Every structure is written in C-alpha cells, then in structure tokens.
Amino acid sequence: MKELVAKLNQYAKEYYTEDNPSVSDAEYDKLYRELVALETEHPELVQADSPTHRVGGLVLDGFEKYQHEYPLYSLQDAFSREELDTFDKRVKDEFPNADYMAELKIDGLSISLTYVNGILQVGATRGDGSVGENITENVKRISDIPLKLDQPLNITVRGECYLPRAEFERINTQRQENGEAEFANPRNAAAGTLRQLDTKVVAERRLATFLYQEASPTERLTQNDVLNEVTELGFSVNPRRIVTSSMDEIWDFIQAVGQDRDHLAYDIDGVVIKVNSLAMQEELGFTVKAPRWAIAYKFPAEEKEAELLSVDWQVGRTGVVTPTANLTPVQLAGTTVSRATLHNVDYIAEKDIRIGDTVIVYKAGDIIPAVLRVVESKRTTQEPMQVPTQCPSCGSDLLHFEDEVALRCINPSCPAQIKEGLIHFASRDAMNIAGMGPSVVEKLFQAELVKDVADIYGLNSQDFLQLEGFKEKSAEKLYAAIQTSKENSAEKLLYGLGIRHVGAKVSKQLLEAFETIKDLASADVEAIAAVDGLGEVIARSIQRYFVKEEVKVLLKELESYGINMAYLGQKVADNAILSGKTVVLTGKLEHLKRSEAKAKLEALGAKVTGSVSKKTDLVVAGSDAGSKLEKAQSLGIDVVDEAWLLNL
C-alpha cells in the first residue's frame with residue numbers, strides 16, 4: 001500500500017504539476033484500482049496521503065470557522081502607470097536598491113494550506129482575513145495540492161484556487177444539457193465549488209491552484225526564493241513572473257501579459273508587484289488593510305454599449321435614494337450584466353443621462369457594474385430623466401441638501417430604511433448574527449415580526465418556523481446566534497445602530513474612551529470631539545442621535561433584553577507608560593512576533609505607525625534595522641531595543 005501510494009502520488013505530480021506524465025492513463029488506473037482494493041480490505045492502514053482521499057463520497061454537515069494563525073491581507077489596487085510610480089518612489093525612498101517580483105494576478109479564490117510534519121492538516125478560505133472556513137475535505141479533492149510533502153515540514157502556504165477555462169466550458173455545457181442554470185464565470189464556479197457540501201461534486205469539477213506565498217516564517221531571503229521552494233515541494237506555481245528593479249520593465253511585462261490575457265488557460269485580472277526581499281517587506285510593514293510592500297495593478301475595465309431601459313430608485317438605511325439602471329443585457333468581464341449603478345442625481349445631471357440612451361457600461365474595480373457615459377451620437381430621446389420627488393418606499397418628500405450629492409428620505413418610519421437598518425445591525429462588523437441576512441430580514445419584516453432592532457431579541461425559534469425555508473434545526477441555530485450576540489462588546493452595538501459618520505473603527509475609539517453606551521449618550525459635544533481628534537462633525541452627529549426620544553426608548557428596550565452596553569476590550573489607562581506616544585517598530589525581533597510587539601505597545605498606550613517622522617516619539621529597533629533606524633537617529637528620536645520592551 002505504501003509503495004502504491006508513493007507511485008500514484010508521483011505519477012499525479014508528473015501529470016498535474018509538471019505536465020509530463022511518465023505512465024499511461026490505463027497504467028495509472030490499474031494501480032489505483034489495486035490500491036482501492038487493498039484499502040477496502042485493510043481500512044485501518046489507509047494513509048493520510050493516499051490519492052483515494054481525492055475522490056468524492058463525503059457529504060459534509062457544514063463548514064467550521066477557522067482562525068488563521070497568519071492574517072491574509074488585501075492588496076492596494078493601482079489602475080495607472082502613475083500609481084505604480086508612486087508606489088515605486090515610496091519603496092525606493094526607504095530602500096533605493098530594492099527590486100520587485102511581478103506575477104500574474106489569478107482571478108480565483110484565496111486559500112490557505114497548513115501542513116504539520118508534512119501532512120496536509122487544514123485547508124481554509126480567506127474569509128475576512130482573520131477568520132475563514134475550514135474546507136479541508138474539499139481541498140483534498142484538488143488534484144494539484146499535495147496531501148503529503150516530501151519533507152516533514154510545518155508550513156503554511158497561500159495561493160489562488162481557480163477553475164480552468166476549459167473546465168468551465170465543460171461544466172456549463174453539462175449543466176445546459178441537464179437543464180440547470182449555467183455559471184456566470186469561472187470565478188463564481190470556483191467559489192461555489194469550494195463551498196460544496198458534497199465532496200464528490202468538488203472532485204468532478206477539477207479545480208486547480210497556483211501558490212504565491214509562504215505565510216509561516218521562512219529562512220528564504222526573497223519572494224522568488226519562496227516560489228522556487230514551494231515548487232520543489234510539489235505545489236503548482238505560475239511560471240510567468242519577472243524580477244527587476246525597473247518599473248519600466250514591469251510596465252512592459254504588464255503590457256505583454258495584457259495582450260496575452262485572452263489566450264491564457266485561466267482568468268487573470270491584473271499583475272501583482274511585490275518587493276522581492278523578505279527583509280525589506282518586514283521593514284515596510286502593513287497599513288490597516290494592506291501590505292506596504294505590494295500593489296496589484298488591475299487591467300482597465302472592459303466597456304460595452306447597452307440601452308438604458310428604465311431606472312429603479314432604491315432607499316438605503318440612511319435614507320439615501322440611489323438610482324440603478326436597468327439595461328439590455330451585455331456580457332461584461334465574464335458575466336451577464338443587466339443592471340448598473342448611476343451613482344446619484346448629480347452624476348445623472350452631469351452626464352445628462354436619459355431613459356432610452358445608449359450608454360457605456362463598465363465594472364468599477366472589475367466588480368460593480370456602472371454607467372460611465374452616454375453615446376450621444378446614438379441618442380434618440382429628447383426628454384431629460386425624471387428625478388423622483390417622493391420616497392419610493394414611504395411616499396415622503398425627498399430632500400436634496402446643498403452639501404450632498406444624494407437625494408434623501410428623512411422619514412424615520414420609512415420601511416426601506418428600517419429593513420436596511422436591520423440588515424446592517426445583524427451584519428458581521430456589527431452584531432454579527434450569523435444567518436440573519438437580507439432575505440431573512442425581508443421575511444421577518446413581511447411577517448410583521450420585527451419593526452426595529454430591539455424586536456430581534458424578542459424572537460424565539462418558533463417565530464422562525466413561520467418563515468419559508470426554516471426547519472427546526474435552522475430556527476434553533478438562528479435563535480442561538482441572536483442570544484450569543486447579546487454578549488458582544490458594546491462597540492459592535494454602537495456600530496450596529498447606524499449613526500451617521502460612526503463606522504466600526506470610530507465605534508471602538510468611542511467605547512474605549514467612554515466605556516458604556518450610556519456614558520457616551522450623555523457626553524457633550526466637546527468631550528466626544530476630543531476623542532483621538534474625532535472632531536465636531538462626528539460629535540454633533542452622535543449627540544443629535546442620542547437626544548431623540550425614540551432612541552432613548554430603543555436603548556431601554558435593548559438593555560431590558562440583556563444586551564451588553566459596556567466595552568469589554570482592553571482599555572488603556574490615561575497614565576500608561578506610553579500613553580499618547582507614537583512608536584515605530586523596525587528590524588527583526590528575536591522573542592516577539594511583530595504582531596505581539598505591536599499589541600504590547602498598544603496595550604501600553606502607544607500608537608504604532610509604519611514610518612518614522614518628526615512626530616515619532618520612540619523607535620523599537622531589532623537586528624538588521626535599516627533606513628528607519630537611520631532616519632530616527634538623524635532626527636534625534638529615542639531608540640530602544642527589544643529587551644527594553646520585554647522588561648516593561
């Protein structure tokens with residue numbers, strides 16, 4: 001059995017990864033059947049890396065959440081040569097000799113693979129970057145992912161899972177013959193496949209991967225070295241990449257790739273440029289959302305002509321009324337588009353967009369369909385577009401404030417605003433009530449079971465059984481999620497209330513300062529504005545919200561249901577040793593991970609930033625510290641080492 005597993009895995013690697021098979025399909029099938037027979041006879045001896053794990057047969061109950069040990073960050077996007085040059089200048093200001101690695105940006109789904117002693121332990125989706133879903137059984141069905149490495153390594157790698165174009169066509173042809181709805185594009189098909197509960201379906205759809213990163217600590221010196229290493233370990237890595245210090249050469253590479261884009265065996269939507277040196281990457285660090293050492297150049301959006309048939313006016317949770325165009329269907333960036341945003345009334349007026357016009361449609365950021373402009377030479381209508389004066393949901397008069405581009409309904413009882421507010425309240429960054437998405441909120445609203453966010457907490461599992469699509473298990477699961485949300489730290493509630501100008505980050509800052517919703521509600525404008533310099537606009541918006549009688553009633557209701565109203569996170573004392581100080585981390589640390597050092601500094605009251613300036617109070621420098629240390633010394637900024645931080 002061991003001999004057969006080793007042979008079959010080698011043959012699979014030759015076929016899927018190296019594209020150079022050494023045996024015929026018939027010979028492979030013969031050995032595979034022999035292994036299956038032996039495993040059937042001796043199930044206790046089935047090996048973790050047996051190729052039989054790649055076939056279907058399991059129907060999963062669902063996917064568990066998986067906490068990534070190493071966060072997955074988004075990439076900053078660029079759409080022009082000028083933006084790439086700005087990125088280059090920012091990097092070269094700190095590292096004049098830096099070179100870059102440019103590689104294709106595969107249009108698929110990010111996955112993370114963790115191996116323990118060389119055996120695949122966890123395959124997970126990206127999720128929100130911190131928490132994804134455990135899809136290990138599905139990942140095992142992807143033929144080019146090794147189940148066992150040649151070396152007993154503990155390693156986490158990242159990559160893109162995609163559906164080859166040929167497979168996409170095959171699957172859609174099959175679905176058409178079966179009378180099933182076709183997939184819109186390969187990316188959607190790959191996403192749907194990775195989240196299949198029937199592993200047999202995953203095995204049949206022949207997904208593929210390209211690896212691009214080693215997330216766990218590595219002894220390699222460059223990004224290119226990492227890709228060479230993971231190739232040697234048996235992973236698939238896209239071979240089309242260059243290493244250069246010249247942005248001119250990278251731009252030539254981008255142009256060449258763009259010309260070949262339609263002829264590739266897989267979809268791409270751009271080129272990723274990364275600083276090649278891993279030491280420089282560590283020095284450059286991260287912003288809140290993205291690495292400062294990488295950028296993704298996105299290809300220009302595809303544009304198509306379509307006829308504007310009509311416009312729907314939709315009301316959001318803040319009362320903003322947004323126009324959406326209904327169009328003759330067009331194929332755009334791999335999907336059929338029949339609706340596109342018109343942004344706002346000022347945009348419509350500026351572009352002089354009219355019903356019946358032929359318009360140019362594109363996908364903003366390759367995601368959101370939008371109307372770009374009118375093809376005036378094809379105009380047949382003389383009537384300007386009629387802009388509504390009454391709310392399409394409640395009939396109230398709409399207002400167009402001088403300082404806003406949007407139409408706004410200010411009726412607090414507007415049904416559309418209430419529904420959108422409920423959806424926002426239950427969303428992940430707010431109260432995070434899993435299972436209460438837009439369709440469930442719509443059903444609850446139509447059944448008159450909820451009229452505001454407090455009503456959510458008066459529901460029981462029997463209420464959900466009245467709704468279409470709910471069974472006992474799903475009803476109990478949603479009820480449990482509602483009960484769990486009561487224990488959230490209060491900044492989640494504050495964000496969920498949907499106060500204008502108060503996002504998730506501001507909510508956390510406010511609750512760190514005032515500790516409870518009650519104390520924030522009674523604070524004056526000056527006290528609120530003073531919190532980390534939030535300013536008067538945010539402060540007045542908060543005060544205007546909390547003085548409303550209906551808000552006071554709502555908060556009392558929420559409190560009566562047992563919703564936590566206090567901040568549960570770690571609060572920094574005003575007299576903390578680094579309170580109000582701006583600190584920069586640089587160099588390699590021996591005892592602390594960079595994230596651990598940052599967390600400790602923040603717990604001591606510091607604001608940790610990525611670059612040294614005159615506003616920097618302190619620099620914590622590890623070994624091999626580079627330009628940041630030199631700049632700190634030239635500015636006379638205090639510099640300490642890791643030992644100083646450990647002793648605090």
Side-chain angles (χ1 to χ4, degrees), residues 1-25 27-36 38-39 42 44-55 68-70 101 103 106 110-124 134-162 199 202-203 206-241 278:
M1 287 168 71
K2 286 182 178 179
E3 183 181 340
L4 284 169
V5 167
K7 279 185 178 180
L8 289 166
N9 283 339
Q10 177 59 33
Y11 297 152
K13 180 181 177 183
E14 292 169 353
Y15 184 89
Y16 291 106
T17 307
E18 299 171 359
D19 198 22
N20 185 30
S22 62
V23 297
S24 66
D25 289 352
E27 175 65 14
Y28 181 92
D29 290 343
K30 177 186 172 186
L31 295 174
Y32 186 87
R33 286 194 297 271
E34 186 180 344
L35 177 61
V36 169
L38 287 168
E39 289 185 347
H42 303 285
E44 75 282 1
L45 298 178
V46 176
Q47 295 174 74
D49 59 333
S50 170
T52 59
H53 290 300
R54 297 198 185 278
V55 300
H68 294 294
E69 183 177 359
Y70 310 101
M101 191 194 76
E103 59 188 328
I106 310 300
S110 294
I111 58 170
S112 177
L113 307 171
T114 298
Y115 291 77
V116 177
N117 294 324
I119 303 294
L120 177 64
Q121 293 293 311
V122 177
N134 187 327
I135 55 166
T136 306
E137 288 303 325
N138 283 346
V139 161
K140 287 180 179 179
R141 273 71 187 173
I142 302 173
S143 298
D144 63 5
I145 292 178
L147 301 178
K148 182 181 179 182
L149 306 179
D150 293 338
Q151 304 171 41
L153 299 175
N154 297 327
I155 187 174
T156 296
V157 292
R158 301 270 164 74
E160 203 77 1
C161 180
Y162 67 95
T199 60
V202 183
R206 305 173 194 169
L207 294 168
T209 61
F210 283 127
L211 273 289
Y212 57 73
Q213 182 189 13
E214 183 176 345
S216 47
T218 177
E219 295 179 358
R220 306 295 167 181
L221 299 178
T222 69
Q223 184 71 28
N224 199 45
D225 290 342
V226 167
L227 295 191
N228 290 334
E229 176 195 18
V230 296
T231 301
E232 291 168 7
L233 289 172
F235 295 101
S236 293
V237 173
N238 194 291
R240 192 162 184 181
R241 61 184 188 269
L278 300 187

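Computation of the quantities below employed the complete heavy-atom set of this structure, encompassing side-chain atoms and omitting hydrogens, waters and symmetry-equivalent molecules. Only a predicted model underlies this, so the values are computations on that prediction, with no experimental measurement involved.
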Establish, from distance only, whether the side-chain atoms of [X] and [Y] form a donor-acceptor pair under 3.5 Å.
{"X": "N224", "Y": "R241", "result": "yes"}
{"X": "T52", "Y": "E39", "result": "yes"}
{"X": "E214", "Y": "T156", "result": "no"}

Check: Is the backbone N or O of L227 less than 3.5 Å from a side-chain atom of T231, with the two atoms forming a donor-acceptor pair by type?
Finding: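 Checking the backbone N and O of L227 against the side chain of T231, a donor-acceptor pair under 3.5 Å is found.
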Check: E34 side chain to D29 main-chain N or O, any donor-acceptor pair under 3.5 Å?
Finding: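 Flag not set: sc E34 to bb D29 has no pair under 3.5 Å.
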Checklist line | Verdict with supporting geometry, R240 and E103, side chain to side chain contact (heavy atoms under 4.5 Å, CB included) | finding: CA-CA 6 Å; R240 192 162 184 181; E103 59 188 328; over 6 Å; no
For [X] versus [Y], what's the shortest heavy-atom pair and its separation?
{"X": "P146", "Y": "G234", "result": "CG-O, 3.6 Å"}
{"X": "Q223", "Y": "Y212", "result": "NE2-O, 2.9 Å"}
{"X": "D150", "Y": "E232", "result": "OD2-O, 4.4 Å"}
{"X": "L233", "Y": "L149", "result": "O-CD2, 3.8 Å"}
{"X": "M1", "Y": "L45", "result": "CE-O, 3.5 Å"}
{"X": "G123", "Y": "L113", "result": "CA-CD2, 4.1 Å"}

Rounded to the nearest 0.5 Å, what separates atom [atom1] in [X] from atom [atom2] in [Y]?
{"X": "T222", "Y": "E229", "atom1": "OG1", "atom2": "CD", "value": "10.5 Å"}
{"X": "I106", "Y": "N238", "atom1": "CD1", "atom2": "CG", "value": "5.0 Å"}
{"X": "I111", "Y": "C161", "atom1": "CD1", "atom2": "SG", "value": "5.0 Å"}
{"X": "S50", "Y": "L4", "atom1": "OG", "atom2": "CG", "value": "9.5 Å"}
{"X": "E137", "Y": "I135", "atom1": "CD", "atom2": "CD1", "value": "11.0 Å"}
{"X": "S22", "Y": "Y28", "atom1": "OG", "atom2": "OH", "value": "11.5 Å"}

4.5 Å side-chain heavy-atom contact, [X] and [Y]:
{"X": "I145", "Y": "K140", "answer": "no"}
{"X": "T199", "Y": "N138", "answer": "yes"}
{"X": "R158", "Y": "S110", "answer": "no"}
{"X": "N9", "Y": "K148", "answer": "no"}

Check: side chain to side chain contact (heavy atoms under 4.5 Å, CB included) between Q121 and T136: does it pass, once the steps are laid out?
Finding: CA-CA 7 Å; Q121 293 293 311; T136 306; over 6 Å; no
Next item on the list: Classify the ring geometry between Y115 and F235 as parallel (under 30°), tilted (30 to 60°) or perpendicular (over 60°).
Entry: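 If you compare the ring of Y115 with that of F235, the planes turn out perpendicular.
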Item checked: Test log, rule side chain to side chain contact (heavy atoms under 4.5 Å, CB included), inputs S112 and H68 -> CA-CA 8 Å; S112 177; H68 294 294; 4.0 Å; yes
Next item on the list: Could you point out which residue of T209, L211, V226, N228 forms a side-chain contact (heavy atoms from CB on, under 4.5 Å) with V237?
Entry: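 Looking at T209, L211, V226, N228, the match for V237 under the side-chain contact (heavy atoms from CB on, under 4.5 Å) is L211.
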Note to self: Between I142 and D144, is the side chain to side chain contact (heavy atoms under 4.5 Å, CB included) condition met? List the steps.
What the structure shows: CA-CA 6 Å; I142 302 173; D144 63 5; 3.4 Å; yes
